[in-house]
Structures are given as structure tokens and as C-alpha cells.
Undergrad: 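Right, I'll just put the structure down here and ask away after.
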Amino acid sequence: MAERYNHKEIENKWQKRWEDQDIYRTFEDPSKPEKYILEMFPYPSGELHMGHVRNYSIGDVVARYNRMNGYNVLHPIGYDAFGLPAENAAIARGIHPKEWTYSNIDSMRVQLKQLGLSYDWDREITTASPDYYKWGQWLFLKFYERGLAYRKKANVNWCPGCETVLANEQVEAGMCWRCGTVAEIRELEQWFFKITDYTERLLDDLKLLDGWPERVRIMQRNWIGRSEGALVDFQIRGSDKKITVFTTRPDTLFGATFFLLAPEHPMVNELIKGTEYEAGAVEFRQKVAGETEIDRISAEKEKNGFFTGVYVINPVNGEEIPVYLADYIMMGYGTGAVMAVPAHDQRDFEFAMKYGLPIRAVIQPSGEMLNPDMMAQAYEGEGVMVNSGPFDGTPQTEGVKRVTEYLEEKGVGEAAVNYRLRDWLISRQRYWGNPIPVVYCETCGIVPVKEEDLPVILPEDVGITGFGGSPLAKHESFVKTVCPICDEPARRETDTMDTFVDSSWYFLRYCSPREDKLPFTKEAVDYWMPVDQYIGGIEHAVLHLLYSRFFTKVLYDMGMVSSVEPFKNLLTQGMVLKDGVTMSKSKGNVVSPVSIIDMYGADTARLFILFASPPEKELEWSDRGVEGSYRFLNRVWRLVEDNKQLVAGTTAAIPGELGSAERDLRYIVHKTIKRVTGDIARFSFNTAISATMELVNAMYKYGEGAGRNPAVIKEAIENLVLLLAPFAPHLTEELWEGLGKEKSIHLHAWPKYDPELAKAEEVTLVVQVNGKVRDKITVAADISEEDMRRTALASEKVIANIGDKHVRNIFVVPGKLVNIVAK
RNA sequence: GCGAGGGUGGCGGAAUUGGCAGACGCGCUAGACUUAGGAUCUAGUAGGGCAACCUGUGGGGGUUCGAGUCCCCCCUCUCGCACCA
């Protein structure tokens, strides 16, 4: 009479009922403790992939677990809906980006619902919707007011593949993070967010993030790239102009024998103008500019330079040293100018060798004399200053300080901290994004759109060809507008914002998603924020996570939020692999979540993905493993079905006196509650699931014996179903109903274990002789140390092993192990 | 080159503080039930002897009564950064 486990029917039934009954809807309730559980929202490509399933399964378990533990849980979802793929689809298939995006969202939503995720769907947001992007524009205006949004002409990264500029963070090893095209450098006037105003705070507050993986914090720290040193002015010979360098080694200043400039350094033109070196310098610069970023930054590459004919004067010793352009000097770091100390910098050493430039040792390692003629490489270690005039004999670390002080006294330099982090370039020459709400007026200049005129609506009637620049720039009625100040004809900004702007505050919008006076309300944000648990891929370690931290700090300064950091705890999930490599269409190894759900159900898919690997590690997809998870759920199903009547008909309490089989089962039940509770709390889902499997095995075993106790079975079954509820929400809900329960299992309290019952009555005493296991004896769990010792020494195997040796020592680990040392 | 994290059966993975290595699952083997089963249930499953025992957590050393776990050296894989002045 037991029915078959029909996953399709059950999952449809409960998905519909949960929706009808709104059981996951969330309200602010100051009387309850809150938790904000968030997964990174998806880009609506139209189809979920296994990475999404993993991400959202992890988040859903955490959300359900916390809900069952009495927390008021915010668990929202939405779509990061602006972006280039929509435009590419328009070009390839002639579909409007909006249509493409929204139909994708519709199918993503269906798939997300099929997974049985406990989202509050009333809070769903879409960044491409005017009621969302309006507030992005509003925030842009606030940033502008505070001087945090500004426009400047600069050398920027240009991706020829995406036909738009990119922020520094979005160039990986010289290539576009999205499409892999080699980025070029172009000089353009663009909008930036002044993230560098927040550098120190972004760096310092990393220490508040002890709930983040160490490596993410390190990646951010490295990206920010703080280094201490000094700025030093070098006078140009025969001119009143000077060039400033940044150095971390002011102690080696006396060893500077030449001077280097980035080829694109702004001083280069006036230095060489009209000289015999002009033509050569221009040629050199063009050659370097023609190289890809990848060629240029390759460490193995031979260094190239060009002498400019110019000399600068070393401020500490008055020496005149030659100025070269060098391809290994980057305009984007420091001042784009470097004092070269070949004896103590490997790169400068190589350059000096190639161009026959002098090498002078100014740091002497202890017990060794550096001879520049004999050096095979630069000495970058510690030592004492030499050949450094008044500083001779000063230890190097102290020298850094003293030389800097000297420079400051003389007014030719100062202590300085340099960062690698640059301002965030947010302009994009693309259509499908949030329009930057700015107008250009002949008389008034750059004029922000008035707040009451927001949003600047992204027009829909555009032609998207993929050629000839931004589609918006060609949309006449969009471009033509009037100046908000003088009412004269003016021109609209046609760049849109980087989509990372949209995702830098979406977690705040979830707190009050339908608010129409502000991006979010202070009350809602104060109640929910910060996010207690954020879950997503490591690929955003710097990008999205750094930008979101920046936004949060700005909003904190504006008094709009009360927390300085957005994400208290961060879990970075591992990738999903098949045959050892990431799933991709080109490799033909993609397993579609939809087909797995169809064949085995969402509960199986979720269970497998959580069971196969710890969340932070890579997960190797296994069809066999999926079948195993399906088998387990079937096993649970049959176990409960077979005992349904028995359990429902049992009202009696568990008797005080029980047989040993009953006592053993109760022990396993309570131990399992303890294990699963602890395992979920530390995100060890795979071991939590394995613990429930062990419980099921034990219950099958118990079920075979005669005279089974219905009350004990009831306790076991109900707890098993409760423990599995976060993992397999549909199946457990169906079983729960079958057990005669009226309210949803997902609104039920998480089970509690009895610490007394979770203790074993008997334990296996491991007996070692000289560290090797010689016997295992079952003893009472509360055995005394003295009895352990006695029992161990009485063992025949132990006696045989000791032989005629003398017992020298006995180590006892209470309740576990005895180690007898005999010689 | 620098930084981080790994290396445990045929496979995915367990082993909170140093205390039974291999939980759980996959696969495999055998048995039961069956018209049949690729369903289900039960048992076994690190390797070698097939018995007492011996050997085993990338390799080599060390600390300890005791090491997958701690220390030193080396090999190897993955990821991140990469001429950072």
C-alpha cells in the first residue's frame, strides 16, 4: 500500500501551496532576532547552470535552518539584468535587449521556483527596471554632489570586443574579464567614482571582516596595494622644472645612477621637443603603445629603453643622471617616474647591464663587500648604508626614515604612501545599462539632471548594430534635451553606468524593495543590514565585493545606513566540474539542472550537490552520485511510508524502561540531531547528510526486530524528517503531512537533542601497546580511569604482546584509549 | 617570482582539541526476495599474507607514550597576483 515516491507530483504540489500560502514572505518584526541570508543574484542568461544550483541550494539550507531556529529570515532574489549579452543577442538574433532580458527572467524565475528555494518572491528586483535604476541614478547624483563622481580625461582600458571602456579591476592579465579580448589603452574623457577617497578605510576595515575567507581579504589587500615610501623631486638640468618619483627605498637614493620615465609620461613631450632625440622618443613611445598589455607586463621580457638627452639632478648629492624612457615603467603606478638604483633593484640592474649604465652599491650586507663589477644580480636584502655621504654606516631600515627626514628638511621630498588602487571608471559606451543622469550645456557645462526628473528613461526605440559606437549617441530625441539650469538646448550624456554599479547596492534595495521615495528606508536597512551570510563565487573577490564595500561606506557617510560593511560573513563556493573541468558548451560537458530536476527532482539535485563535496571546495559532478542521492530519498520515503500508520496512531509517551535496541536507537537519534545541528552551523552539509544516512541505516536495522516500540519509532521518524527539511524541502513536507501534521514542516522548530540521550552507554576501549592497537574492548561509557587501566592489562592479547617486557608507563585518555608502554 | 589552498582506498570524500585512518556515498563482490530485475533488502569491500600478523594518509627527517593532524626539508597539483618602483 505504500505509494511510490513521485517527485514530480510532490514538488509541483508543494511549490504551488507554498506560493498560495505565502509561507516565505518576510516582514520586519523588531521583536524577533533577524538574519539576512543572501546569495549573489544571477545574470539572467535564461538558463540556470549547476553553479547557480549550488549557490542557491547552500543559501536555502542556511535560510531554512535559521528560520526553523526562530530567526526572522530575509532571503531575497533578483536579477542583475543590465549588461552586454542582451545587446549581443539583439545583434545576433534581432531581439530587443529588453525583450530578451525579460523573457530570460521569466524562464529563470520558473527554474528557481522549481528548485523549491524559500525566497520571499514579493521582494524580487530587476536592475533593468526603471523603479530600480531610478535609484541608481539618484545615488549617482548624491555621489556627484559629494565630489565622488567626476569626469576626467585619462588613459583608460578599452575593450575592442565589447566596444567599451573597462575599469582596472575588470582587466585581468591584460584581457577583458568578460570576453577575453586584449585590452587597449585609449585616452578618453570618462566618468569615475572616487573610490580612492576610501582607500584607507577599505583597507583598514578588512580587519573587521573576520567572517570572510582569508584569501579574499588578501586579494583585496593586494589589489589596494598600499606601500610606504617617499616622494622625491628631481630637478631637470637647465630648467626650473622638476619630476617627482615615488620610491619605497629612499635609503638607496645615493645609488641612483639613472632615471626612468614611462613612455607616456606627460612631461616627455616638452622634454624632447625640438631636440635631436624627439623623433626617436616618439617612435619608441609608439612602439611601446603598439604592444599589448600582455607583452609589456611579461616579467621575462627584456627591458627596453630610449635615452632622451635630458639629465636630472639627484637632490641628495647633486649628481646629474641621464633620463631614459623605459617600457617597464607604468604610468598607472606611482608617478610614472622612477629613480633607478641598479645595485639594489633587479629590474634596474638588468636595464643598466643592457645599456651599459653605472652601478653603485649603497647598501652593504654584513660580512660581505659588494663589488658592482662582479655582481650577477641586484642585492635587494638588508644591510648598512655606504657611499651615501653623511648617512654612511646607518642601518638600512633606519636609513629609510633618516633620508626621508633629510628630504623634508631640504624641501625636496616627503614621506608618502602610494596605492595601487585607482578610481573606478564607470562609464560604458553601451546601450543596455543605466543612463548616467547628466546633461551637457554650452553655457552651464556639466549639469546633473534634477532629482524630480528621474529616472532618465532608457529609450527603447534604438538601433543596435554593434558598430559605430554607443546606440544611445545616435538616438536624437534622447540626446537632444534642455539644460536644467538655463533651459537652453543641451545634450544628454549617452554613456551608461558599469553594471557593477547596479550590483553595489541591490542588497540594500531588498530591505524595502517597493519604496518609492528613496532607494531604501533607513528603518528597513537598520533592521536587516548587514547581510549575515553572503554566498557566492570567488570570482567577485575584488570586483563586486570591493565596490559594494565602497558603496556601503559612502552611504554610511551620508547617514543612510548604519553599518560600515555590507557583508558580515562570506562563503565562497567552489566550482562545479565535470570530468575534472568546468562545465562549458565548448567542452560539451554541461549538465542542465532542468533535466536533472525532471528526472530526479529538485530535492535529489539539491541533496547531491550538498552531499558530494564541502561547499568551499570544487564539486565533481557524478551521474552515479545523483542516483545515489535519489536512492537515499526513496529509502527515506519508504521508511516513513511503511511506518506512517504506526506513527500517526501513536500517542503514548516513550516508556521509562526500554530494551537495549530501543535505547541504542534513541541514542543514535539524539546524536544525529546533535551532529546535524552542529554540521549545518559550520556549513559542513556533506557530513550533516551522511549523519542522516547513518540514522536511516540504523532505523532500517531496528525495524527488523520483533516487538518494536511505536513511540521510539515515532520519535526517530519525526526527527529524521525534520533534520532533512532544509535539504529536501518538498519530500519532507509531503512526509510531514502524511504523518498527520497540519502546519508546514518549514514553520516547525528545529529539533533539540537531549544531551543525556546523545551520550553512548557503551564505548569501545582501544588498547595500545607501545602505540599500536592490540585490542578493542567494549566497556561502559562512564568507566573510571582505574578500571580502564585494569581492563586493558587484563586483555589476553595485551598480555601476549607485552610478553616478558616490563610495563614502564600507562597513558589513559578517559573513555577512549589506553596506551601501555612496555620495554 | 610572490601569495593562498590542496595531495588520504578503484572514485567523491570523513576524521572539531595530537588518541580506532578510510564515516557516508559511488563502484565492486556475494547472498536473499523474485517470472525477471539495471528495483529492493542483507553482508563484505585500503593493500599484502588470506591465520596470528605486517604495511599504509605525496617523499624524507624530527618532536611525542601516541602524528593524516605539530615542526623542518623536498616533490607535486590548483587558484590568485604578477616589471608595484
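Chain naming here is simple, since letters A, B, ... match the order of the sequence lines and numbering starts at 1 in each.
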Undergrad: Does A/Ser622 reach a base, just sugar-phosphate, or nothing at all? Heavy atoms under 4.0 Å.
TA: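 Touches nothing.
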Undergrad: Once you round it to whole Å, what is the distance between P of B/rG66 and CD1 of A/Ile810?
TA: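 After rounding, the gap between these two atoms is 16 Å.
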Undergrad: For the pair made of CD in A/Glu539 and P in B/rG80, what is the distance, rounded to whole Å?
TA: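 Going from A/Glu539 (CD) to B/rG80 (P), I get 11 Å.
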Undergrad: In residues 213-231 of chain A, which residues come under 4.0 Å of RNA chain B by heavy atom?
TA: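 Those residues whose heavy atoms fall under 4.0 Å from RNA chain B, taken from residues 213-231 of chain A in numerical order, are A/Arg215, A/Ile218, A/Met219, A/Ser227.
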Undergrad: Please tell me if A/Lys701 has a side-chain N or O lying less than 4.0 Å from either OP1 or OP2 of B/rA43.
TA: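 Yes, such a contact exists.
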Undergrad: Check RNA chain B against residues 795-806 of chain A and give the residues with a non-hydrogen atom under 4.0 Å, in numerical order.
TA: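 Residues of residues 795-806 of chain A that come under 4.0 Å of RNA chain B do not exist, since none gets that close.
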Undergrad: Side chains of A/Arg635 and A/Asn697: any donor to acceptor distance under 3.5 Å?
TA: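 Short answer, yes.
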Undergrad: What I want to find out is whether A/Arg347 reaches A/Glu350 closely enough, with some N-O distance under 4.0 Å, to be called a salt bridge.
TA: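 Judged by the 4.0 Å cut-off on N to carboxylate O distance, A/Arg347 and A/Glu350 do not form a salt bridge.
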Undergrad: Tell me whether the NZ or CZ atom of A/Lys303 lies within the 45° cone about the ring axis of A/Tyr328 and under 6.0 Å from its centre.
TA: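 Output yes; distance and angle both within limits.
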Undergrad: Using atom CG of A/Asp623 as one end and atom P of B/rG12 as the other, report the distance to the nearest whole Å.
TA: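 In whole Å, B/rG12 P and A/Asp623 CG are 16 Å from each other.
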Undergrad: From CD of A/Glu350 over to P of B/rA85, roughly how many Å is that when rounded to an integer?
TA: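 From A/Glu350 CD to B/rA85 P: 16 Å.
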Undergrad: Using a 4.0 Å heavy-atom cut-off across all strands, classify A/Arg624 as base, sugar-phosphate, or nothing.
TA: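 Counting heavy atoms under 4.0 Å across all strands, the contact made by A/Arg624 is with sugar-phosphate only.
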Undergrad: For a quick check, with a 4.0 angstrom heavy-atom cut-off, what is the B/S/- contact string for nucleotides 13-20 of chain B, read 5' to 3'?
TA: SSS---BB
Undergrad: Say we look at B/rU17 and B/rU69: how far apart would their C1' atoms be, to the nearest angstrom?
TA: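 It comes out at 11 Å once rounded to the nearest Å.
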Undergrad: Measure OH/A/Tyr328 against C1'/B/rA82 and give the value in whole Å, please.
TA: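 Taking atom C1' of B/rA82 as the reference, OH of A/Tyr328 is at 16 Å.
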Undergrad: State whether A/Arg631 places a side-chain N or O below 4.0 Å from either non-bridging phosphate oxygen (OP1 or OP2) of B/rC24.
TA: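 Checking B/rC24 against A/Arg631, no side-chain N or O comes under 4.0 Å of OP1 or OP2.
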Undergrad: By the salt bridge (charged side-chain N to carboxylate O under 4.0 Å, His left out) test, which pairs, at least two apart or in different chains, include something from residues 610-621 of chain A?
TA: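 Listed by first then second residue: nothing to list.
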Undergrad: Can you tell me how far P in B/rA43 sits from the matching atom in B/rA23, rounded to whole Å?
TA: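 Pairwise P distance, B/rA43 against B/rA23, rounds to 14 Å.
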Undergrad: In terms of the nearest nucleotide of RNA chain B, which residue is placed more toward the 5' end: A/Glu627 or A/Arg774?
TA: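 The residue whose closest nucleotide sits nearer the 5' end is A/Glu627.
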Undergrad: Taking the C1' atom in each of B/rA15 and B/rG1, what is the distance between them to the nearest angstrom?
TA: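 B/rA15 and B/rG1 have their C1' atoms separated by 37 Å.
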Undergrad: Looking only at side chains, do A/Thr764 and A/Lys816 share a donor and an acceptor under 3.5 Å apart?
TA: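 There is no such pair between these side chains.
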Undergrad: Choose from B/rG25, B/rC83, B/rA85 the nucleotide whose nearest atom is closest to any side-chain atom of A/Met693.
TA: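 Among B/rG25, B/rC83, B/rA85, the one nearest the side chain of A/Met693 is B/rG25.
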Undergrad: Quickly work out the A/Asp345 CG to B/rC84 P distance and round it to whole Å.
TA: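 After rounding, the reported distance stands at 7 Å.
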Undergrad: Among pairs that include at least one residue of residues 677-697 of chain A, which meet salt bridge (charged side-chain N to carboxylate O under 4.0 Å, His left out), considering only residues two or more places apart or in two chains?
TA: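 Every pair satisfying salt bridge (charged side-chain N to carboxylate O under 4.0 Å, His left out) with a residue in residues 677-697 of chain A: A/Arg675-A/Glu694, A/Asp679-A/Arg682.
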Undergrad: Under 3.5 Å for both distances, Watson-Crick or G-U wobble, that's the pair rule; now give the dot-bracket for RNA chain B, with | marking pairs to another strand and [ ] for crossing ones.
TA: (((((((..(((......[....)))((((((.......))))))(((....)))..(((((..]....))))))))))))....
Undergrad: Which value, in whole Å, describes the distance between the P atoms of nucleotides B/rA39 and B/rU45?
TA: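 Nearest-Å result for B/rA39 against B/rU45 at atom P: 22 Å.
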Undergrad: Using atom CD1 of A/Ile538 as one end and atom P of B/rG6 as the other, report the distance to the nearest whole Å.
TA: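 Taking CD1 of A/Ile538 and P of B/rG6, I get 13 Å after rounding.
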Undergrad: Is the glycosidic angle of B/rG80 within 90° of 0, making it syn, or outside that range, making it anti?
TA: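 Base orientation relative to the sugar is anti.
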Undergrad: Side chain of A/Val338, heavy atoms from C-beta onward: which of B/rA85, B/rC24, B/rC83 has the nearest atom to it?
TA: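 Of B/rA85, B/rC24, B/rC83, B/rA85 is nearest to the side chain of A/Val338.
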Undergrad: Check this for me, if you would: do A/Glu264 and A/Arg285 make a salt bridge, where the nitrogen-to-carboxylate-oxygen distance has to be below 4.0 angstrom?
TA: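 Answer for the salt bridge query: no.
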Undergrad: Counting only heavy atoms not in A/Lys674 (residues, nucleotides, ligands), do more than 12 fall under 6.0 Å from its NZ?
TA: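 No, NZ of A/Lys674 has 12 or fewer neighbouring heavy atoms, counting only those of other groups under 6.0 Å.
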Undergrad: Think A/Asn697 has a side-chain N or O under 4.0 angstrom from the OP1 or OP2 of B/rG25?
TA: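 Yes, A/Asn697 has a side-chain N/O under 4.0 Å of OP1/OP2 on B/rG25.
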Undergrad: Between B/rU42 and B/rC33, how far apart are the two C1' atoms, rounded to whole Å?
TA: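 B/rU42 and B/rC33 have their C1' atoms separated by 11 Å.
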Undergrad: If you look at every strand shown and take non-hydrogen atoms under 4.0 Å, does A/Arg808 touch a base, only sugar-phosphate, or nothing?
TA: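 No contact at all - A/Arg808 keeps every heavy atom at 4.0 Å or more from the nucleic acid.
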Undergrad: Can you establish whether the number of heavy atoms outside A/Met267 located under 6.0 Å from its atom CE is more than 12?
TA: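 More than 12 heavy atoms, drawn from other residues, nucleotides or ligands, come within 6.0 Å of this atom.
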Undergrad: Would you check if A/Leu610 and A/Asn686 make a side-chain contact, meaning some heavy-atom pair closer than 4.5 Å?
TA: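 Not in contact.
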Undergrad: Between A/Lys772 and A/Glu694, just flag the one whose closest nucleotide in RNA chain B comes earlier from the 5' side.
TA: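 The 5'-side residue here is A/Glu694.
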Undergrad: Which of these, A/Tyr600, A/Tyr630, A/Trp621, sits in a ring-ring contact (aromatic ring centres under 6.0 Å, His included) with A/Phe608?
TA: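 The single option meeting the ring-ring contact (aromatic ring centres under 6.0 Å, His included) with A/Phe608 is A/Trp621.
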Undergrad: Could you tell me whether A/Lys644 and A/Glu641 have a side-chain N and a carboxylate O separated by less than 4.0 Å?
TA: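 Between A/Glu641 and A/Lys644 there is a salt bridge, with a charged N closer than 4.0 Å to a carboxylate O.
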Undergrad: Could you tell me whether a side-chain N or O of A/Asp579 sits under 3.5 Å from a main-chain N or O of A/Asn589, the two making a donor and an acceptor?
TA: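 No, because the side chain of A/Asp579 does not come within donor-acceptor range (under 3.5 Å) of the backbone of A/Asn589.
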Undergrad: Taking the same atom, C1', in B/rG6 and in B/rG68, what whole-Å distance lies between them?
TA: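 To the nearest whole Å, 13 Å.
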Undergrad: Any donor and acceptor pair, going by atom type alone, linking the side chain of A/Glu414 with main-chain N or O of A/Leu231 inside 3.5 Å?
TA: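 Not at all, since once roles are kept as given, no pair shorter than 3.5 Å links the two residues.
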Undergrad: Can you tell me if A/Thr687 and A/Ser684 form a side-chain donor-acceptor pair at under 3.5 Å?
TA: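 The criterion, which ignores hydrogens and geometry beyond distance, is satisfied for A/Ser684 and A/Thr687.
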Undergrad: Do A/Phe234 and A/Phe259 have ring centroids that are under 6.0 Å from one another?
TA: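 Yes.
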Undergrad: Please report the distance separating the C1' of B/rC74 from the corresponding atom of B/rG7, rounded so that it comes out in whole Å.
TA: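 One C1' to the other, the span is 14 Å.
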Undergrad: P atom, B/rG19 versus B/rG37: distance in rounded Å?
TA: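 Those two atoms are separated by 47 Å.
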Undergrad: B/rG80 P sits how many Å from A/Leu543 CG, rounded?
TA: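 My rounded result for the distance is 13 Å.
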